[in-house]
Amino acid sequence: MVSARTRNWILALLFLGWALGNLDRYVMNYAVLAITEDLQLSASSTGLLLSSFFAGYALMQMPGGWLADRFGSRKVLIASVVMWSIFTALTGAAWSLASMVIIRFLFGIGEGGFQPASSKIIAQAYPREERSRAMSVMLSSGAIVGLFVPILSAALINTIGWRTMFVIIGAIGAVIAVLYWRYIKLPKEEEAASNSEAASTSNEKKSSVALLFKTPLLWNLLIAYFSIYAVNWGLATWLPTYLVKVRGLDLVSLGWLQMIPGIATLVGVYASGYVLDKLPQGREKTMGSLACVLVAILLYLMFNASSVAMFITYQTIVTLFISFVIILLPSVVLKNLPASVTGTGMGIVNTGGQLAGFITPLAIGFIVDAFNGSFAAAFWMLIVFAVICIAALLTMNYEKGELLRKERTA
């Protein structure tokens with residue numbers, strides 16, 4: 001068994017890596033305002049640019065999970081950080097829409113292996129009853145980064161420019177890759193047990209993956225991932241543009257105001273991990289469904305807010321409930337799938353979330369162009385996704401599926 005000191009040190013490094021990964025992707029949502037001006041992009045082209053990362057990220061989820069299960073989570077983790085850092089730096093060298101789309105797509109490929117591999121490491125290092133909290137700690141780094149990205153992006157873009165900013169972030173990634181290579185090392189008995197379990201025979205491995213696809217719970221999770229991340233990434237990628245162009249904010253004011261929902265996200269992530277580890281099995285889907293109902297209502301109130309102050313108020317509350325659902329979904333995977341296929345399972349369901357990240361920004365760009373700059377239809381689309389998430393959560397069944405029955409009898 002991994003000692004408490006070792007697993008907490010590993011979690012701290014995962015926290016750091018996930019923070020950088022979120023920084024790499026979040027700054028684009030603010031840099032795109034300057035990039036759009038420099039490259040003369042329409043709303044549809046901007047949507048394509050924002051979505052290109054998620055195309056690569058979604059494409060890599062299942063292969064990344066399989067590679068982590070087959071060859072080891074540490075190797076996939078290091079390779080992921082190295083690759084995404086290279087293409088983050090290259091973002092600063094892009095000269096056209098086509099070059100930017102290709103670079104961001106490859107950046108997504110690089111980052112795609114991180115969450116499946118890190119989820120597997122958590123499943124290997126932590127006992128079942130502590131995995132939700134461990135996952136919430138790692139994912140909270142994204143909330144912390146999201147708290148500072150608005151004002152940090154405004155400061156960096158206005159001083160050194162977006163190109164230099166991406167080069168510097170890429171260099172930081174190289175340092176983190178070295179830290180992973182040096183310090184993330186599971187004890188030999190844990191690593192050997194994991195490799196033996198994950199790759200005892202190719203037939204067993206293929207059988208486990210086939211059973212995953214036959215497990216109804218996995219499909220519910222995939223749909224729920226897609227729906228809640230459609231809401232999350234729809235807001236994250238387009239809200240800066242919406243608030244500047246429709247609500248009339250300048251970039252610096254936007255940065256300060258977006259720290260408020262950033263704080264709410266951080267609180268929501270930490271509180272969610274604690275609450276989920278305390279809830280009896282089955283109760284979390286009811287709580288998640290209720291959270292999605294409130295998300296749908298608050299999205300409607302956000303768009304129809306009479307002032308920027310009310311808009312930010314509703315946005316702050318909606319981020320709390322989105323955070324709960326985003327922590328709930330991977331915790332269901334960690335607690336209900338065997339550790340030998342955790343990476344593959346996480347990769348499968350997270351594909352849904354990242355496909356949403358690809359489709360939603362692109363769809364919003366086309367919708368805004370089609371409706372002459374109006375975001376009304378885009379907000380209604382996000383509300384519909386929240387309703388779909390309600391249905392996916394309410395119909396989750398923990399007992400169906402041969403793989404889950406095997407886990408309970410093991």
Side-chain angles (χ1 to χ4, degrees), residues 15-41 45-54 56-57 80-108 110-111 114 141-179 233 236-245 248-263 265-266 361:
F15 177 97
L16 185 63
W18 192 241
L20 179 70
N22 280 276
L23 177 63
D24 286 350
R25 65 175 93 169
Y26 284 166
V27 293
M28 176 57 77
N29 302 330
Y30 296 86
V32 75
L33 292 163
I35 293 170
T36 297
E37 185 176 344
D38 287 353
L39 302 182
Q40 297 295 301
L41 304 180
S45 297
T46 301
L48 177 61
L49 170 57
L50 292 170
S51 293
S52 57
F53 158 79
F54 292 100
Y57 195 64
S80 178
V81 176
V82 169
M83 185 171 176
W84 96 48
S85 299
I86 290 171
F87 287 102
T88 297
L90 287 175
T91 300
W95 63 92
S96 66
L97 174 62
S99 64
M100 182 69 81
V101 166
I102 292 170
I103 289 169
R104 298 303 289 179
F105 172 80
L106 294 172
F107 164 52
E111 192 168 325
F114 188 94
S141 63
I144 293 173
V145 167
L147 178 63
F148 296 106
V149 158
I151 194 65
L152 179 65
S153 298
L156 291 176
I157 292 168
N158 289 333
T159 53
I160 63 176
W162 63 271
R163 293 183 183 276
T164 304
M165 177 181 70
F166 281 113
V167 172
I168 292 173
I169 295 172
I172 295 172
V175 175
I176 290 180
V178 172
L179 290 176
W233 287 116
T237 53
W238 278 100
L239 266 190
T241 300
Y242 170 80
L243 288 171
V244 169
K245 292 189 175 181
L249 294 178
D250 61 83
L251 194 59
V252 175
S253 299
L254 170 68
W256 284 108
L257 285 173
Q258 286 303 293
M259 291 185 73
I260 300 171
I263 294 171
T265 301
L266 182 60

What are the two closest heavy atoms between [X] and [Y], and how far apart are they?
X	Y	result
Leu48	Val101	CG-CG2, 4.1 Å
Val27	Met165	CB-CE, 4.1 Å
Val82	Ala177	CG2-CB, 3.7 Å

Roughly how far apart are [X] [atom1] and [Y] [atom2], rounded to 0.5 Å?
X	Y	atom1	atom2	value
Ile263	Leu266	CD1	CG	8.5 Å
Ile176	Leu16	CD1	CG	4.0 Å
Phe54	Leu50	CZ	CG	8.0 Å
Phe105	Tyr57	CZ	OH	14.5 Å
Phe166	Ile160	CZ	CD1	10.5 Å

Would a line drawn from the ring center of Trp233 to the ring center of Tyr26 be shorter than 6.0 Å?
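Under 6.0 Å, so yes.
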Decide side chain to side chain contact (heavy atoms under 4.5 Å, CB included) for Val32 and Leu41; before the verdict, give the C-alpha distance in whole Å, the side-chain angles of both, and the deciding distance to 0.1 Å.
CA-CA 10 Å; Val32 75; Leu41 304 180; 5.7 Å; no
Sequence neighbours left out, what pairs pass side chain to side chain donor-acceptor pair (under 3.5 Å) with at least one residue falling in residues 157-170?
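Sorted pair list: Asp38-Trp162.
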Write out all pairs satisfying side chain to side chain donor-acceptor pair (under 3.5 Å) with one or both partners inside residues 86-101, taking only residues at least two apart or from two chains.
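Every pair satisfying side chain to side chain donor-acceptor pair (under 3.5 Å) with a residue in residues 86-101: Asp24-Thr88, Thr91-Arg104, Ser96-Ser99.
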Pair Tyr30-Leu254, side chain to side chain contact (heavy atoms under 4.5 Å, CB included): steps then yes or no
CA-CA 10 Å; Tyr30 296 86; Leu254 170 68; 3.8 Å; yes
Hey, does the side chain of Trp238 reach the backbone of Pro361 with a donor-acceptor pair shorter than 3.5 angstrom?
yes
